[in-house]
Amino acid sequence: MPTVIVADSLTESRENIKTILRADPTIEVIGEARDGDEALQLVKSLSPDVLILDANIAGIDAIEVTERVSPNVGVIIISLHDDKILLRQLMRAGASDFLLKPVARDELIDAVRVAAMRVQRYRALAAGGSEGRVGQIIAVYSPKGGSGKTVIACNLAVALARHHTGPVCLVDLNLQYGNVDMVLNLMPQHTIASLAQRQGELELEVLERHLTTHEDSGLQVLVAPSTPQYAETVTVYLVEQVLSLLRKGFDYIIVDLPTVLEDYSMVALDTAEYIILVTELDVLAIHNTRVALEILRQLYSPERIKVVLNRANSQVQITPEKVEEVLGCTLLARIPSDGRLVVSSVNNGIPFVLSHPNAEISRSIVQLAYAIMGREAPIGELVQPTKQKRRIPVIGPLIDYLLGPS
Ligand SMILES: Nc1ncnc2c1ncn2[C@@H]1O[C@H](COP(=O)(O)OP(=O)(O)O)[C@@H](O)[C@H]1O
Ligand SMILES: [Mg+2]
């Protein structure tokens, strides 16, 4: 969870910012400062991820404060005036973003998340030599449509974003009929197809601007094209580039795959740390899973392939134990069926792991998330339900602002 210090000489302005940030469960305000001196002291003693700094703060000025704290702390400048000269100086000093007062809620939260992500990456690089972050790709696949890949991928990604401290990303590789954006109620400004023109020069920073934030969890999502025509513009090469860049910026990258194994799905499977193979208690699903397992076991080492049983409590003749016997492996998770909760969750665009964290199905997904993280799952009450918030599109990044309207 990003930690933030707010530095502004005006009490009212500090209060406004704190009110906005406190309403967001994924961001924590850990201090506030009235002048530049106090801001520097607090940064030193509390080491926040992000400093929100008024451009005209009293005491040691904003340029010096920025110079001294960045790049170890992300600096977001807020200002009453659209002063491009001062802004340039602040950017040179290392500020990562700039917002005009009064600050809009979504703009601010987005800026904090982006700044925190960059700082975390910078710190990881500084700590770990030149290699930097190498995130794990978790590919969710099933050789049968309707088995629950998308529902499981979305809720698993949200659970990871909530329970893991580092950045988590979800990629919708259902290029023709992706609906991760609907399951998470996102209003994306970009999709993977908008990256197609950039594929020769793709960098993580560009890619990050094409992600959409899931507000209630902080999860970053690369959404599928809005119509099947755009799917054709997404090449295997682009998918390769996207996944390899995401591994540098995120700890976990969950990939929701289509039922048909396309070339680009193979890219995800090839690079995946774990392939989550979703199956169900029905003969057709089990048959297809067995065939898929045979192929996958020829291609990849068996410990990378994990079978998850969806609708595991359905009262049918087949038992989960029988499935294990037929497939020759232990099930990594058993996700119960909960028609009422899943359907209303999908229809409302609120993942059930957030709206009903203590439902049996949510607990099974959280447990799966912990198994992936290699940690013990918590016992007792899980995270509190959160209210759904509608996302309002945010303005473009600073560079677009500096360049003016195109
Ligand atoms: N555990 C479950 N309990 C009840 N309904 C489920 C469950 N998992 C998935 N569903 C429902 O099954 C349908 C198909 O799920 P989806 O995730 O879209 O499958 P896939 O991505 O594999 O095609 C959806 O309508 C979803 O609401
Ligand atoms: Mg799907």
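Just follow the structure's listing: the first ligand is 1, and inside any ligand the first atom is 1.
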**Prompt:** Salt bridge between Glu205 and Arg209, side-chain N to carboxylate O under 4.0 Å?
**Reply:** no
**Prompt:** Does some non-hydrogen atom of Cys154 fall short of 4.0 Å from ligand 1?
**Reply:** no
**Item:** Geometric N/O contact Ile152 with ligand 1, under 3.5 angstrom
**Value:** no
**Prompt:** What atoms of ligand 1 come closer than 4.0 angstrom to any heavy atom of Gly339?
**Reply:** 4 (C)
**Pair Lys18 + Glu32, salt bridge at N-O below 4.0 Å** = yes
**Asked** Can a salt bridge be assigned to the pair Lys101 and Glu12 using a cut-off of 4.0 Å between side-chain N and carboxylate O?
**Response** no
**Asked** Given the protein's heavy atoms, is any one of them under 4.0 Å from atom 24 (C) of ligand 1?
**Response** no
**Message:** Need the ligand 1 atom indices (1-based, order shown) with element for anything under 4.0 Å from a heavy-atom of Val151.
**Reply:** 17 (O), 26 (C)
**Item:** Over all atoms of both residues, closest heavy-atom pair of Asp54 and Ile78
**Value:** OD1-O, 3.1 Å
**Request:** Check whether the side chains of Asn310 and Ser147 place a donor and an acceptor atom closer than 3.5 Å, and report yes or no.
**Result:** no
**Request:** Output yes when a side-chain donor or acceptor of Ser142 lies under 3.5 Å from a complementary backbone atom of Val278, and no otherwise.
**Result:** yes
**Prompt:** If only atom types and distance count, is the side chain of Arg113 paired as donor or acceptor with the main-chain N or O of Thr26 below 3.5 Å?
**Reply:** no
**Message:** For atom 14 (C) of ligand 1, which of the options Ser337, Ser345, Gly146, Ala312 provides the nearest non-hydrogen atom?
**Reply:** Gly146
**Request:** Taking the side chain as every heavy atom from C-beta outward, state whether Asp251 and Val168 have any atom pair closer than 4.5 Å.
**Result:** no
**Fill in**
If you compare Asn313, Asn310, Asp256 by their heavy atoms, the one closest to atom 1 (N) of ligand 1 turns out to be Asn310
**Request:** Would you tell me whether Glu215 and Thr213 have side-chain atoms, one donor and one acceptor, within less than 3.5 Å of each other?
**Result:** no
**Request:** Could you list which atoms of ligand 1 come closer than 4.0 Å to a heavy atom of Ser147?
**Result:** 19 (O), 20 (P), 22 (O)
**Within-cut-off N or O pair, Thr259 and ligand 1, under 3.5 Å** = no
**Message:** Tell me the nearest of Asn155, Val342, Val343 to atom 2 (C) of ligand 1, using heavy-atom distances.
**Reply:** Val342
**Request:** Indicate yes or no: does an N/O atom of Gly145 lie under 3.5 Å from an N/O atom of ligand 1?
**Result:** no
**Prompt:** Under a 4.0 Å heavy-atom limit, does Ile361 contact ligand 1 with its side chain, its backbone, both, or neither?
**Reply:** side chain
**Message:** Check Asp282 with Arg311, please: is the shortest side-chain N to carboxylate O separation under 4.0 Å?
**Reply:** no
**Request:** Among all protein heavy atoms, pick out the one at the shortest distance from atom 3 (N) of ligand 1; state its residue, atom name and that distance to 0.1 Å.
**Result:** Asp338 N, 3.0 Å
**Close side-chain approach of His190 and Val223, heavy atoms under 4.5 Å** = no
**Neighbouring protein N, O or S atoms of the Mg ion (ligand 2) [cut-off: under 2.8 Å, no waters]** = Thr150 OG1
**Message:** Could you check whether Glu360 pairs with Arg363 (Lys NZ or Arg NE/NH1/NH2 to Asp/Glu carboxylate O, under 4.0 Å)?
**Reply:** no
**Request:** Examine ligand 1 and decide if any of its atoms is less than 4.0 Å from a heavy atom belonging to Ser142.
**Result:** no
**Asked** Is ligand 1 under 4.0 Å from a heavy atom in the side chain of Thr150, in the backbone, in both, or in neither?
**Response** both
**Message:** With nothing but distance in play, are any N or O atoms of Val346 less than 3.5 Å from an N or O of ligand 1?
**Reply:** no
**Request:** Give a yes or no on whether a salt bridge exists between Arg334 and Glu321, defined as a side-chain N under 4.0 angstrom from a carboxylate O.
**Result:** yes
**Prompt:** For residues Asn185 and Asn348, is any side-chain donor paired with an opposing acceptor at under 3.5 Å?
**Reply:** no
**Item:** Cys169 side chain near Val171 side chain, heavy-atom distance below 4.5 Å
**Value:** yes
**Request:** Measure from atom 6 (C) of ligand 1 to every heavy atom in Lys144, Arg340, Arg311, Lys149 and give the option owning the shortest one.
**Result:** Arg311
**Prompt:** What is the closest protein heavy atom to atom 19 (O) of ligand 1, and at what distance does it sit?
**Reply:** Gly148 N, 3.0 Å
